[in-house]
Structure formats: structure tokens, C-alpha cells
Amino acid sequence: MAVYSMTGYASAQATPGAGTAATEGKPAAAGRLGLEIRSVNSRFLDLSFRLADELRAHEPALRELLATRLKRGKVEVRAGIEGSAAGGLQEPTVRMLQRVGAVQDHVRSWLPDAPALSVAEVLRLATADVTADVDWSPVVQEVAGRALADLVAARQREGKRLADMLQGHLAQLRELCATAKPLVPQLVEQQRQRFLDRWKEAMALSEGTVSPESAQDRALTEATAFAIRIDVAEELTRLASHLDEIERLLKKGGEVGKRLDFLIQELHREANTLGSKSALLELSRISVDMKVLIEQMREQVQNLE
């Protein structure tokens, strides 16, 4: 199954044809329907519509259609009717112009300060009845279906690109884990030796007031306890486990965005702990490199559905 991004764009256009979109006896083409869909990342599925007045009644059907294919993302749908089928300017009838003029005169008799209608407004009003006579339902469904299919395809292509980038980051994180692992025994032994050196210095200063055996036991106990506190082997093991799970989810595909986001948070937590427990400069550098990669992964995962 593919991995899908929440980012995408698609558009489609169509003109109602005789016997399909126009009712019998009406004009074969009363305008051109254009529809576009844009989507960006969001925690949930958030649908918004900007439809022409003639198309507002189709919003519930469009909402239902989109919900069948999209699970997450902020999705905006715009649809409108433009021009005529021939792409030219439709000429209003004399009767319609007379009606528009009469209505305007009636309004201005009550509202003398009302501005006169512009040519564009007259044309829109005079041709409104033509598009109103058309049954747009089949055209809306057909155009929305094509645009939605194109949007899903675009989200799939973007999702594949993001998944490939995430796989590259996983490989880099595995290399960093492999580099850090041999340093763990060295770190523990270094700290134990440091405590023993401090014990010898303390014994030299105590001048025999404390028995060597007691002081050495105490120093070894403290050294061991501190070595356990700075041992990062457990963090490296958990990091490797999280990387395996992320790779498994990317191969599985589907709706993996929320789970990947949680795993990225866990990766960041383990990398932070690795850095805070590190007493070696090399481990600190590895921790910083890990956090840079994880932050890049977080930005990419937030775009996945």
C-alpha cells in the first residue's frame, strides 16, 4: 500500500452535454464548470467549500465524495461556472434586458442613491436564468470525481518522495547508532578509571585515617553507580527499535502519519537522553547529528496522511 502526502492540487473542467447535463429541451451548453481542489497538512480532515451560487446545493454530495478517499488534511474545494460552451460572450435577449432595466428603475425609485448597474452586472443577471435551467448534478459528480482522482495521485507521488527521503534519514541514523555503540564500553571504563584516580588522590590526602579497603570499596561502588547512570546502551537499543518500526510502517503504507509522528517524538526523546548522559565529546556530537536528522524527519512526517 502506498504512503500518501496531505499536500496536493488538482483541477478539472467540463461542459454539460445534451442529454446528460442539460435537461431535455434546454440549451446543450449553458456554461463551463470548473472545479479545483487544494490540500495541505492538518491533524484531521478539514473540508471547506467555495462554490458558485448555482452549485451550493451540491456541497453535501461533494463532502461525502471527498470523505470516501481522504482521511486527513485541510482541503479546499472551489467551483464555478464560466462563460458558455463556445467560449464566447452570450448575448442577452431584449426581453431579459427590459426586465433588468425595469427592476433597476423600481429599486432606484425607492433608493435614489443606489448606483447604476455596470455592464458586467447586467450580463451576469441577464444570463443567470440560462445556467439556472441546467441540472449540474451529473457534471459536478463527474468533474469532482476526476479532480479527486488526480488529487489522490498527486498526494501519492508526493508521499513516495517523502517516504524515500525518510528512508535515507533512517539509514543515516542507523550509521550514527553503529558509530556510537562501540563507544559505550569505553565510556563506562573511562568513568570507572576516573573514580579510581580520585580515590587514590583522596587516600593520599587522608593519610591513613580511612582504611584502603573501605575507601576502595566505596569508590568502586560510586564508580559503578555513575557508570550505570551514563550507560547509553539502552537508549541506542530503543533508537534501533524505533527505526525498525518506522521502516516497517513506511513499507506497509496507508494511514501511517499519526503513528509516525509519535515515533518521531520517541526518537527525539532518546536522542536528547543520549546527549544528556554522554560524557564523551564524540557521543555528544553524534547526539546533535541525530537530533538534526530527526527534526528533518518530523517536518516530512507532518505532511503524511
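Bear in mind that the values here come from a model prediction, so they are computed numbers and not experimental data.
Nearest heavy atom pair, residue Ser11 against residue Gln13, reads OG-NE2, 3.8 Å. Contact detail for Ala147 and Ala10: the closest heavy-atom pair is O-CB, 3.2 Å. Across all their heavy atoms, Leu45 and Val75 have their closest contact at CD1-CG2, 4.2 Å. Nearest heavy-atom pair across Val139 and Ala14 is CG1-CB, 3.9 Å. Contact record, Ser42 with Met6: O-SD, 3.3 Å, taken as the closest heavy-atom pair. Taking both residues in full, the closest heavy atoms of Gly80 and Ala52 are given as CA-CB, 3.9 Å, listed atom of the first, atom of the second, then distance.
Considering OH of Tyr4 and CG of Leu70, their distance stands at 10.5 Å, rounded to 0.5 Å. How far SG of Cys177 is from CD of Glu235: 11.0 Å, rounded to the nearest 0.5 Å. Note: His58 NE2 to Leu33 CG = 8.5 Å, rounded to the nearest 0.5 Å. Distance check: Ile81 CD1 to Thr15 OG1 gives 10.5 Å after rounding to the nearest 0.5 Å. Note that CG of Leu148 is 12.0 Å distant from CZ of Arg146, once rounded to the nearest 0.5 Å. The CG atom of Leu55 lies 8.5 Å from the CG atom of Leu35; values are rounded to the nearest 0.5 Å.
No donor-acceptor distance shorter than 3.5 angstrom exists from the side chain of Ser287 to the backbone of Leu283, with no hydrogens or angles considered. Put simply, the side chain of Thr179 gets close to the backbone of Glu175: a donor and an acceptor are under 3.5 Å apart.
By the 6.0 Å contact criterion, CZ on Arg95 is open, its count of non-hydrogen atoms from other residues, nucleotides or ligands being 12 or less.
In this structure Ser137 satisfies the side-chain hydrogen bond (donor to acceptor under 3.5 Å, both in side chains) test together with Asp135, sequence neighbours excluded. Residues meeting the salt bridge (charged side-chain N to carboxylate O under 4.0 Å, His left out) test with Lys181, sequence neighbours left out: none. Scored by the side-chain contact (heavy atoms from CB on, under 4.5 Å) test, Phe262 finds Glu266 as partners (sequence neighbours excluded). In this structure Gln172 satisfies the side-chain hydrogen bond (donor to acceptor under 3.5 Å, both in side chains) test together with His169, sequence neighbours excluded. Annotation: salt bridge (charged side-chain N to carboxylate O under 4.0 Å, His left out) contacts of Glu282 (sequence neighbours excluded): Arg285. Partners of Asp150 under the salt bridge (charged side-chain N to carboxylate O under 4.0 Å, His left out) rule, at least two apart in sequence or in another chain, do not exist in this structure. Listed by chain and number, the residues in a side-chain hydrogen bond (donor to acceptor under 3.5 Å, both in side chains) with Gln98 amount to none (sequence neighbours excluded). Residues forming a salt bridge (charged side-chain N to carboxylate O under 4.0 Å, His left out) with Glu295 (at least two apart in sequence, or on another chain): Arg298.
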Open item on the list: The test is side chain to side chain contact (heavy atoms under 4.5 Å, CB included); show your working for Met297 and Leu170 and say whether it passes.
Closed with: CA-CA 9 Å; Met297 293 175 68; Leu170 289 177; 3.7 Å; yes
TODO: Given side chain to side chain contact (heavy atoms under 4.5 Å, CB included), test Arg174 with Asp244 step by step and report yes or no.
DONE: CA-CA 10 Å; Arg174 291 187 191 281; Asp244 290 341; 2.9 Å; yes
Open item on the list: Evaluate Leu239 against Leu176 for side chain to side chain contact (heavy atoms under 4.5 Å, CB included), listing each step before the verdict.
Closed with: CA-CA 10 Å; Leu239 276 168; Leu176 291 172; over 6 Å; no
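Within the structure, side chain to side chain donor-acceptor pair (under 3.5 Å) contacts touching residues 256-265 (residues at least two apart or in different chains) are Glu245-Arg259. Residue pairs meeting the salt bridge (Lys or Arg N to Asp or Glu O under 4.0 Å) criterion with at least one partner in residues 60-71, sequence neighbours excluded, are Glu59-Arg63.
Residues Leu267 and Ile264 meet the side-chain proximity criterion, which asks for heavy atoms closer than 4.5 Å. With a 4.5 Å cut-off on side-chain heavy atoms, Val301 and Ile246 do not count as touching. Here the side chains of Leu47 and Leu62 are not in contact, with every heavy-atom distance at 4.5 Å or above.
Grouping the Ile, Leu, Val, Met, Phe, Trp and Tyr side chains by contacts below 4.5 angstrom, directly or via other members, places Leu243 with Leu250. Under a hydrophobic-cluster definition in which Ile, Leu, Val, Met, Phe, Trp and Tyr are linked whenever side-chain heavy atoms come within less than 4.5 Å, directly or via other members, Val40 and Ile37 are assigned to different clusters. Taking hydrophobic clusters as Ile, Leu, Val, Met, Phe, Trp and Tyr residues chained together by side-chain heavy-atom distances below 4.5 Å, Leu183 shares a cluster with Leu173. Under the 4.5 Å side-chain heavy-atom criterion for grouping Ile, Leu, Val, Met, Phe, Trp and Tyr, Leu293 is connected to Leu249 within one hydrophobic cluster.
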Which atom pairs, one a donor and one an acceptor, fall under 3.5 Å between side chains of residues 104-115 and the rest of the protein, sequence neighbours left out?
from   : atom 1 : to     : atom 2 : distance (Å)
Gln104 : OE1    : Leu117 : N      : 2.7
Arg108 : NE     : Ala114 : O      : 3.3
Ser109 : OG     : His106 : O      : 2.5

Side-chain donor-acceptor pairs of residues 151-167 under 3.5 Å, sequence neighbours excluded:
from   : atom 1 : to     : atom 2 : distance (Å)
Arg155 : NE     : Ser5   : O      : 3.1
Arg155 : NH1    : Ser39  : OG     : 3.3
Arg155 : NH2    : Arg72  : O      : 3.1
Arg155 : NH2    : Glu305 : OE2    : 2.8
Glu158 : OE1    : Arg161 : NE     : 3.2
Glu158 : OE2    : Arg161 : NH2    : 2.6
Lys160 : NZ     : Asp164 : OD2    : 3.1

